[in-house]
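Sequence lines set the chain letters: A, B, ... in the order given, protein chains first and strands last, and positions in each chain run from 1.
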Protein chains: 2
Amino acid sequence: MSEQMGITTKKENFSEWFSEVCFKCNLIDLRYNVQGFVVHRPWAMKIIKKMYSLFEKELEKTGHEPVLFPVVIPEKNFIKEAEHVEEFAPEVFWITEAGDKKLEEKLALRPTSETAMYQMYSLWIRSYKDLPFKRYQSVSVFRNEKTTKPFLRGREFLWIEAHDAFATEKEIMKQINEDMIITKKIVEDHLGLPIMFFKRPQWDKFAGAVETYAADILMPDGKVNQISSTHNLGNNFSKVFDITFLDSKGEKKYAWQTCYGPGIWRMMAALIAVHGDDKGLILPFELAPIQVIIIPIKDSALKKCESIKKELEKNCIRVEIDKRDETPGWKFNDWEMKGVPIRIEIGPQEIKEKTLTLARRDNGKKYKIKEKNLIKTLKKIEKEILDNLKNKATIFLKNNIHNAKSRKEVIDIIKKGGYARINFCGREVCAKDMQNVTQGGKVRGTRADKKELATGKCAWCGGLGKEVVYVAKQY
Amino acid sequence: MSEQMGITTKKENFSEWFSEVCFKCNLIDLRYNVQGFVVHRPWAMKIIKKMYSLFEKELEKTGHEPVLFPVVIPEKNFIKEAEHVEEFAPEVFWITEAGDKKLEEKLALRPTSETAMYQMYSLWIRSYKDLPFKRYQSVSVFRNEKTTKPFLRGREFLWIEAHDAFATEKEIMKQINEDMIITKKIVEDHLGLPIMFFKRPQWDKFAGAVETYAADILMPDGKVNQISSTHNLGNNFSKVFDITFLDSKGEKKYAWQTCYGPGIWRMMAALIAVHGDDKGLILPFELAPIQVIIIPIKDSALKKCESIKKELEKNCIRVEIDKRDETPGWKFNDWEMKGVPIRIEIGPQEIKEKTLTLARRDNGKKYKIKEKNLIKTLKKIEKEILDNLKNKATIFLKNNIHNAKSRKEVIDIIKKGGYARINFCGREVCAKDMQNVTQGGKVRGTRADKKELATGKCAWCGGLGKEVVYVAKQY
């Protein structure tokens, strides 16, 4: 069966490789009969559940509490914030009937939940003592996107949305920083994916927001993937949804708000794309649904396989023995494709010598170790795998940020892929022109995690350089 | 504020009490502006997440793998199984528009996922080697119910659905038994709620199924709450959705199927209703979002409170210190209302004596213990709480099952509430008459967890008694 022949496309043909990995590793099935809606299969769901739990833990540590709002939003809520409705209305799915009856009011399937949540915030927040007020939900959202791609753009996709309200404006920037720290901690230190934070240009902010901060990951094809964002909502929405509180002097004030959206789908895309190779997925130890796969080289090794499995389970390691009726070589390939970080081979020789043969997925390295050193070795390798994946990805990112001083340089870099780092005049008209001429090179914004000052004229228009921005094609 | 005055309704006025507990304990907010759709608040979400994780763990142990199917189901899938469409069509929400355009085909918001999943099962299942094939998803489902009640009946409610396929018919009953064991293990041994399993009468089975098995919990008002069900689908759906496999002889066969639906919402309703009392919620230690609340009796106790908190956290106990600017008595009431299992009071006397004062929510018992015995004592109390809650609930259930030998006895029992246990003729017409006359007394079915033989004539019609059934009003 072709499904069992491993990945046949080279990663350099990125788009086809990505689709093949999504299908053959049992991540996604695109054959569901509603266009743009996908089926999430077990290997993806297990990784996704771990990502959710990493974020939920950090969000709860920083004072966020879980909620779940209805998936439906009445039309009247939706039209309250003018910019917001303009942006989202074209892609909203509408429920208009129940049974054989027309509904009195159309219901939107949530594309994002500001307009669902904030009417309730208005009821819940009364006094400065209720603030800060921090809530999150882990949900699917729905947007009728024209083109779709697994984990990158879908009509139903998975994320977390955290909506926070504060008594003072200055807490907004504090929260944005907290969100960036959470993102960095999980995405870099657990997923091994280096990110850059940008303050988006005014013309590219979230609909209804004062400003938008976002995290980008560079994908192997040189396009960038926005994996999360935090919006400074100011009191735009609190004025529209009447979220007020009495301050300590008894005066009525509008709350200050932020919302933070870690894109679980987008991170999954980055995890697959950045770490994977020609053979398929490469997963960090912590995220892998199966962390160690044991392959019996001969049937006579089964008993020892079982005892090793038990020992690993005692140490909370997710482990399986592959007892399928296939050759060891076939099994090696299958688990390499699926990205299982460690393979243990057990045959007659290992039994005789009381040793184990370990193989790492990330770099192919093999180890012959004494049985009694197994747990100690795994602990060490677990860290080495993450470091190796993160280092490789960091080098890739570094190698694909290029300073550009002229239109020609910008055009060449965007054509090749990666970031063009330029001095920029800060004008929307210049950004739009650049995007047109480069066929998609977008100003991602100024660095939010680092102070960078303009040192020359705008690389595009030659006007006064006001800031340093990064330009790249985006997903 | 009335919200801080605790529960004002006695539990004997069950319906009002239940609503008040749901609102005041921050479980549910009904003020969302789409009727029948509720907002889940943090105290509920934290308990619900624990319930989900208990079930997901057991399902994965028994070979189920997680999936996530789209929330939308195209109309053409929906109309494939005749009984199924007849049952669900009247309450389906339909998406008919996206942006300002009409969709080419209407999309149902999933009321249950058979018709979404089984077309994919048809693609995934090919050979007897693919079987058994067991998948589950943890999701919201949507039904346009006429009347709604938090956690009992909603237009959006939370459950798990596990859909299994087998090579042989005899595996169906094995799976139904496995599902019953999972339900019993979690609901009785973790939630402390005694259940009875029934095989539902033919006229009350799931639309499209061969037979339905279900678990009922008796609620304090004498009505029963179906908290889960498993359906024997035979090969009804596999014929409609073409789920076939080649058996070991190379012959094409239709798969045999079951689906199992643990109702997370329904269990939440039972947890609140069965264990709670006039003061509010009573939560088992394992399910409580906060397991131990520490109340400083004087400010001077804060330091010791912090060190006790640290010790508890080291032992993986969920603990908070209530530092709010309120009296200890006010705090006692507030946490009792929320059902926190253990309160620790620390004041000058406790500091002097190196002791702690513990109070149990479930029975009000107080303990004065030595500080060093804290963890040991908690471990012991944790088990005692669960045993106490389960015993109480079991006695309540026992006391509300009454043998009835005549129409009059059936009518009296159903009027009073609880189960009437009767010899029954097995005829639908008799059951319908009984339901009409008793104003809602429904035949729940024969026991699936216990063999019971009829010992006399049908208590309702006087005809031949063929089986022993239980009759009760239902939610």
Please report the interatomic distance [atom1]([X]) to [atom2]([Y]), rounded to the nearest 0.5 Å.
X	Y	atom1	atom2	value
B/Y136	A/M45	OH	CE	7.5 Å
B/L109	A/F142	CG	CZ	7.5 Å
A/Y32	B/M117	OH	CE	9.5 Å
B/K49	A/S53	NZ	OG	9.0 Å
A/R41	B/F69	CZ	CZ	8.5 Å

Side chain / backbone / both / neither for [X] at chain A, heavy atoms under 4.5 Å:
X	answer
B/R135	side chain
B/P66	both
B/W124	side chain
B/K76	side chain

For this session: Let me know if A/V139 has heavy atoms under 4.5 Å from chain B in its side chain, its backbone, both or neither.
Result: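 The answer is neither part of A/V139.
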
Exercise. A/D325 versus chain B, heavy atoms under 4.5 Å apart: side chain, backbone, both or neither?
Worked result: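 Neither the backbone nor the side chain of A/D325 comes within 4.5 Å of chain B.
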
Exercise. Using a cut-off of under 4.5 Å for heavy-atom pairs, which of A/Q119, A/K101, A/K129 has the most such pairs with chain B?
Worked result: A/Q119

Exercise. Do you know which of A/A89, A/G99, A/A108, A/P90 has the most heavy-atom pairs under 4.5 Å to chain B?
Worked result: A/G99

Problem set entry | chain A neighbours within residues 54-61 of chain B, where any heavy atom lies under 4.5 Å away |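 Heavy-atom contacts from residues 54-61 of chain B to chain A are B/E56, B/E60.
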
Please identify each residue that fulfils side chain to side chain contact (heavy atoms under 4.5 Å, CB included) with [X], with sequence neighbours left out.
X	result
A/R318	A/K50, A/Q291
B/A98	A/F93, A/N144, B/L103
B/Y128	B/F245, B/S248

Problem set entry | Chi angles and distances behind the salt bridge (charged side-chain N to carboxylate O under 4.0 Å, His left out) call for A/K46, B/E65 | CA-CA 9 Å; A/K46 288 179 180 177; B/E65 302 233 61; 2.4 Å; yes

Exercise. Should B/I48 and A/L68 be marked as a side chain to side chain contact (heavy atoms under 4.5 Å, CB included) after you check the CA-CA gap, both sets of side-chain angles, and the distance that decides it?
Worked result: CA-CA 11 Å; B/I48 284 172; A/L68 180 63; over 6 Å; no

Relative to chain A, which of [options] shows the most heavy atom pairs under 4.5 Å?
options	result
B/A44, B/A116, B/P289	B/A116
B/K106, B/H40, B/E105	B/H40
B/V71, B/V38, B/D100	B/V71
B/V67, B/V34, B/N33	B/N33
B/E91, B/R324, B/M120	B/M120

For this session: Taking atom CD of B/E86 as the centre, report whether more than 12 heavy atoms of other residues, nucleotides or ligands fall under 6.0 Å from it.
Result: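 Incorrect, the count does not exceed 12.
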
Problem set entry | Side-chain donor/acceptor of B/E97 to backbone N/O of A/I95, under 3.5 Å | no

